Number of protein chains: 2
Amino acid sequence: MHILLVEDDAQLGAALQRALERLSYTVSWLRDGRTALNAIRDRTADLILLDLGLPGRDGIEVLTETRRAHIDTPVLVMTARDTLAARVDGLDAGADDYLIKPFHVEELAARIRSLSRRTRGLAVNRIDVGALTLDLGTSEVTFRGEPVELTRREFALLQALMENAGRLVRRESLENSLYGIDHVVGNNALEVLVHALRRKLSFETIRNVRGFGYMLPRDPK
Amino acid sequence: MHILLVEDDAQLGAALQRALERLSYTVSWLRDGRTALNAIRDRTADLILLDLGLPGRDGIEVLTETRRAHIDTPVLVMTARDTLAARVDGLDAGADDYLIKPFHVEELAARIRSLSRRTRGLAVNRIDVGALTLDLGTSEVTFRGEPVELTRREFALLQALMENAGRLVRRESLENSLYGIDHVVGNNALEVLVHALRRKLSFETIRNVRGFGYMLPRDPK
DNA sequence: GGATGGCTTATGAATCGCTTAAGGGCTGGG
DNA sequence: CCCAGCCCTTAAGCGATTCATAAGCCATCC
């Protein structure tokens, strides 16, 4: 899952990026409204984490502009003021949820999960696909009943495939949700990652469709 | 993607159908509520574009009736009046989005895209032409209900033909969209590709017009 | 019947994906 | 603060598939 973090404060931004990456999210950190809007318009993000405290009321503008462009990527707003006006402003402008600073990373993580659950229509924190289960809360994966130890990247790849089980996931789409917008061309990082994941699961589980991408069968055994 | 257009006005209906077909959607135009409901019950549509200004409050009835039958196909409502009551009526009855007449085709297109994105998973970006379906999201192709395995080039060729179904596509235009602007002259790569594609589908499906190019009939069987 | 354009098949080259190995960076322990 | 271990990216070799080219045949138009 690919998160766009819009935050001008260097310290908080770096901390959030690290925390989110530790939770297996791919984070693109943008420091100002203009570059944020450009990135948002690409529609490659799954969730936008937006600081309303950007200088010059930039935050709200980013949000309004996003919604006016009919981009309905979920937006989680961070604000320093817990006033009714602030909340109304944010939600009216099209935010899906908000957080009052300061907050704990656990709370942020919970809201991100809740938000992606809501917009995805999932009832629980767990994805089941055949003999595979993946827990977004605890980051645990089991295969054929056995727990499997996955690294951060492997987990993110498996999640992307499981969320689209039975459907082909395009190569660019995977690279985007793993590496963010600015992935370099010409590397075979994805292939190496697929290989590592196959080794930990089984080699039949992940199917390749030459020239297009990868796919997880709806019922892998 | 298959759109059900419910519109009683002949002029507007024809214009919308033409505009949507130009955007590679398959459009079934129905002029009254009764036939519309029958078509909706078939559940073959991916999206319903419903005029609320149908005579006799027909529009709202179609919508309520649809939702009562637990058919949750996305509905985009068109209404002439921009009053709060009108919006509430439509959204309360189960519409997913609404448009105030008159509107620009660009706006309609944007809302259709947004709607199909929101209800993703099914037929998000699908082109239907007769017995052929091509899914741009998952890169899957079916012919007469059977899945067909295509290579990247074959897929690109079929896509170009399907986006212009019923129209003649010039040779240069195909070569451009397959090989880019700087394709070398004197090769017959296109013919070889057409041959490969015909072999995987059927030899009657793709028609050649000597000296000009190729064409896919609007209703290939 | 000649000429042009399209069809079909074979073949070598290019591309794509798989696999293994190596090196750099980050983390946690001593 | 340094070292060890893990993770991740890069690189390179290999095998399989795909693709463009070429060459001969067939259909259509004049």
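A note on names: the letters A, B, ... follow the listed sequences, proteins ahead of strands, and every chain is numbered from 1. Note that the coordinates shown come from a computational prediction; the quantities given were computed from them, not determined experimentally.
- The distance between atom CZ of Phe212(B) and atom P of dT4(C), rounded to the nearest whole Å, is 17 Å.
- Taking both residues in full, the closest heavy atoms of Glu154(A) and Lys200(A) are given as OE1-NZ, 2.9 Å, listed atom of the first, atom of the second, then distance.
- By the 4.5 Å heavy-atom criterion applied to side chains, Leu190(B) and Arg171(B) are counted as neighbours.
- Listed here is the closest heavy atom pair of Arg67(A) and Ile71(A): NH1-O, 2.8 Å.
- OP1 and OP2 of dC16(C) both lie 4.0 Å or more from every side-chain N or O belonging to Arg171(A).
- Minimum interatomic distance between Leu168(A) and Thr138(B) (heavy atoms only, all atoms of both residues): CB-O, 3.3 Å.
- Within the nucleic acid shown, Arg18(A) has no heavy atom closer than 4.0 Å to any nucleic acid atom.
- A heavy-atom distance below 4.5 Å is found between the side chains of Ser202(B) and Arg144(B).
- Nearest to the side chain of Arg210(A), among dT20(C), dT21(D), dC16(C), sits dC16(C).
- The phosphate of dC16(C) (OP1 or OP2) has no side-chain N or O of Tyr214(A) nearer than 4.0 angstrom.
- At a cut-off of 3.5 angstrom, the base of dT28(D) holds no donor-acceptor pair with the side chain of Asn208(B).
- Between the base of dT18(D) and the side chain of Arg152(B) there is no donor-acceptor pair shorter than 3.5 Å.
- Residue Val194(A) is out of contact with every strand shown, counting any heavy-atom pair closer than 4.0 Å.
- The interatomic distance linking Arg198(B) (CZ) with dT8(C) (P) rounds to 7 Å, in whole Å.
- A sub-4.0 Å separation between OP1 or OP2 of dC19(D) and a side-chain N or O of Thr151(B) is present.
- A straight line from CG of Asn188(B) to C1' of dG24(D) spans 11 Å, rounded to a whole angstrom.
- Dashed line: the shortest gap from a side-chain N or O of His195(B) to OP1 or OP2 of dT8(C) is under 4.0 Å.
- The nearest whole Å value for the distance from the CD1 atom in Ile206(B) to the P atom in dT8(C) is 11 Å.
- Between the base of dT18(D) and the side chain of Arg153(B) there is no donor-acceptor pair shorter than 3.5 Å.
- The interatomic distance linking Glu21(A) (CD) with dC8(D) (P) rounds to 11 Å, in whole Å.
- Spacing between atom CZ of Arg207(B) and atom P of dC7(C) amounts to 13 Å, rounded to whole angstrom units.
- Residue Arg199(B) places at least one side-chain N or O under 4.0 Å from the OP1 or OP2 atom of dT9(C).
- Taking atom CD on Glu191(B) and atom P on dT8(C), their separation rounds to 11 Å, with Å as the unit.
- Following rounding to the nearest Å, Leu190(B) (CG) and dA22(D) (C1') show an atom-to-atom distance of 16 Å.
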